[in-house]
Amino acid sequence: MRSRFAIRIHTLLERFFPERRLFLRSDTDTRFIRLKPSTQLFAFVGATGIVAWTIVATAILLMDSIGAGNFREQARRDQQTYEQRLNEMSAERDARTEEALAAQKRFNTALQQVSVMQSQLLESETRRRELETGIEVIQATLRRTMQERETALAELDRLNDGQKDPNTRLAANSSLGKEMLGALSRALAETAEERDTIIANARTALKEAEEARLDLALMAEKNDQIFSQLEDAMTVSVEPLTKMFEAAGLDTKKLMEEVRRGYSGQGGPLMPISLSTKGDESIPEAARANALLDKMDQINIYRIAAETLPFDNPLKSAYRLTSSYGPRWGRTHKGTDMAAPNGTAIYAPADGVVTYAGWSSGYGRLTKIKHASGIETRYAHQAKIRVKVGQRVSRGDRIGDIGNSGRSTGPHLHYEIRVGDRAVNAMTFIKAGRDVF
């Protein structure tokens, strides 16, 4: 059975690959090599496989080259878009800051004007009271003068009754009457003049008080508009920062308390500030001003926290995310791998102190930086370390170069963020910072 099957296969092979002989002739002898159908089949299959492998490999190389070119072009466009967006957000942030400063200046000017108007109003009220007191004094003087006039007339009548000579009595009456009438006329004229002056001054004071009241009402309306704009600006500025810290999994209350403890010295950037109400807690403008000052204090705290926490990206140039945080090869990959050309600059994402800078087995050349709130960042597989242990670095300082040291398959940065010695996803911080800055 096997021989028949073998004969059939041999016959089928001879149909496509007939037996051939390769003659080798020399000067004295002639030899030949016999090429069986099976040998020719093996040779044909091998040659076909080599040609097919060459075609497939060439196609793969061409497709990879085309794909790499498209990826680089897309990465370049994404980088340009990202830089343009950063510039726009930076300009918008600067504009909002200038508006807040301008609004604060207008608020301070309005407070000064309100204080001046209140002083003028108090002076007008005091002047009005003085005028009322002067009018009362003049009226009392006029009543006293009229009483003295009545007394003098009664005395004159009594004297006239005691005179026997009618001519003498008439002359006395005439001279005394002229003197009394002159004195009364002068007193009445002076009293009338003083009364007119006091009435005019009182009217002027009332008019000034009314104008001051209107100015105060207008100033209060302007202050309300300024307060509303400031409150809106503060709300727009605080909410994104709060969301950024919450997105990174940080407790904003504890974070603010820690920053306040670190910046609590007299004259420091977080010196407690408030607007005095001079014992009157019912002034609504003072309460709103203190609330705005609290918001400004909160923004200042967030600014300090953002500078001391790693919300920035350690790479400023283009890179490729080759491995994310999470399970990998049956274990947890505690960092984020960012592939880039050898020698690409690595920057500090926040202020901190270098606690380690050297070789560390599988990490290769490793740098550790301690930040605020118990947060630590690690930078592994570097080609060159540019910082030393104990050195204080600021956000944006160059700390090393991307390399291939340690257990690594190619130039890349292994970037880790640890909170309380517990590894977390570094992209959470980077995305939270990108959404705000």
Side-chain angles (χ1 to χ4, degrees), residues 244-245 248-251 254-255 258-259 261-262 304-317 319 321-329 331-434:
M244 178 184 71
F245 290 108
L250 299 175
D251 190 341
K254 292 183 180 179
L255 183 65
E258 182 175 351
V259 174
R261 285 195 301 269
I304 294 174
E307 291 178 357
T308 55
L309 296 179
F311 286 107
D312 201 1
N313 196 322
L315 299 182
K316 303 299 183 184
S317 57
Y319 65 89
L321 189 65
T322 55
S323 182
S324 301
Y325 173 88
R328 188 179 71 173
W329 302 332
R331 301 177 62 184
T332 299
H333 184 230
K334 297 180 179 180
T336 300
D337 292 343
M338 304 175 180
N342 193 51
T344 300
I346 304 173
Y347 300 94
D351 300 348
V353 178
V354 179
T355 58
Y356 185 88
W359 188 272
S360 178
S361 63
Y363 280 113
R365 293 182 180 88
L366 173 67
T367 300
K368 297 180 182 179
I369 298 179
K370 193 71 173 180
H371 306 281
S373 302
I375 295 178
E376 180 186 77
T377 53
R378 297 184 178 184
Y379 314 83
H381 309 304
Q382 298 181 69
K384 182 177 181 181
I385 298 175
R386 297 180 179 269
V387 292
K388 299 179 180 179
V389 175
Q391 180 178 344
R392 184 174 294 276
V393 296
S394 300
R395 179 180 179 181
D397 290 347
R398 186 171 182 176
I399 60 175
D401 300 339
I402 283 183
N404 192 24
S405 59
R407 289 199 297 269
S408 172
T409 60
H412 75 284
L413 169 65
H414 175 86
Y415 178 51
E416 283 188 28
I417 295 182
R418 292 177 174 260
V419 180
D421 202 25
R422 179 179 61 87
V424 298
N425 190 355
M427 293 305 297
T428 302
F429 283 79
I430 294 176
K431 290 179 180 178
R434 184 183 300 171

Which pair of non-hydrogen atoms, one from [X] and one from [Y], has the smallest distance, and what is that distance?
X	Y	answer
Gly364	Ser405	CA-OG, 3.6 Å
Val387	Gln391	CA-OE1, 3.4 Å
Ala345	Leu315	O-CD2, 3.5 Å

Just checking Arg407: does its CZ atom have more than 12 heavy atoms from other residues, nucleotides or ligands closer to it than 6.0 angstrom?
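Counting other residues, nucleotides and ligands, CZ of Arg407 stays at 12 neighbours or fewer.
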Look at atom NZ of Lys334 and say whether more than 12 heavy atoms of other residues, nucleotides or ligands are closer to it than 6.0 Å.
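Counting neighbours around NZ of Lys334, 12 or fewer heavy atoms of other residues, nucleotides or ligands fall under 6.0 Å, so no.
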Assess whether side chain to side chain contact (heavy atoms under 4.5 Å, CB included) is satisfied between Leu321 and Asp337, documenting all intermediate values.
CA-CA 6 Å; Leu321 189 65; Asp337 292 343; over 6 Å; no
Scan Asp351, Thr367, Val354 and name whichever one has a side chain to side chain contact (heavy atoms under 4.5 Å, CB included) with Val393.
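Exactly one pass, corresponding to Val354.
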For the pair His414 and His381, name the ring-plane relationship: parallel under 30°, tilted 30 to 60°, perpendicular over 60°.
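Aromatic pair His414/His381 classed perpendicular.
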What I'd like to find out is whether the side chain of [X] reaches to under 4.5 Å of the side chain of [Y], using heavy atoms alone.
X	Y	result
Tyr379	Ile369	yes
Thr336	Ile417	no
Pro349	Phe429	no
Pro314	Ile430	yes
Asn313	Tyr319	yes

As an exercise, state the distance from [atom1] of [X] to [atom2] of [Y], rounded to the nearest 0.5 Å.
X	Y	atom1	atom2	result
Ile385	Ile399	CD1	CD1	9.5 Å
Met338	Ser323	CE	OG	11.0 Å
Leu413	Ile346	CG	CD1	4.5 Å
Thr355	Lys368	OG1	NZ	6.5 Å
His412	Thr322	NE2	OG1	6.0 Å
His333	Glu416	NE2	CD	7.5 Å

Sub-3.5 Å donor-acceptor pair from the side chain of Tyr347 to the main-chain atoms of Ala350, do we have one?
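Judged by distance alone, no pair lies under 3.5 Å.
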Ile402 backbone acceptor or donor facing Thr344 side chain under 3.5 Å:
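Absent.
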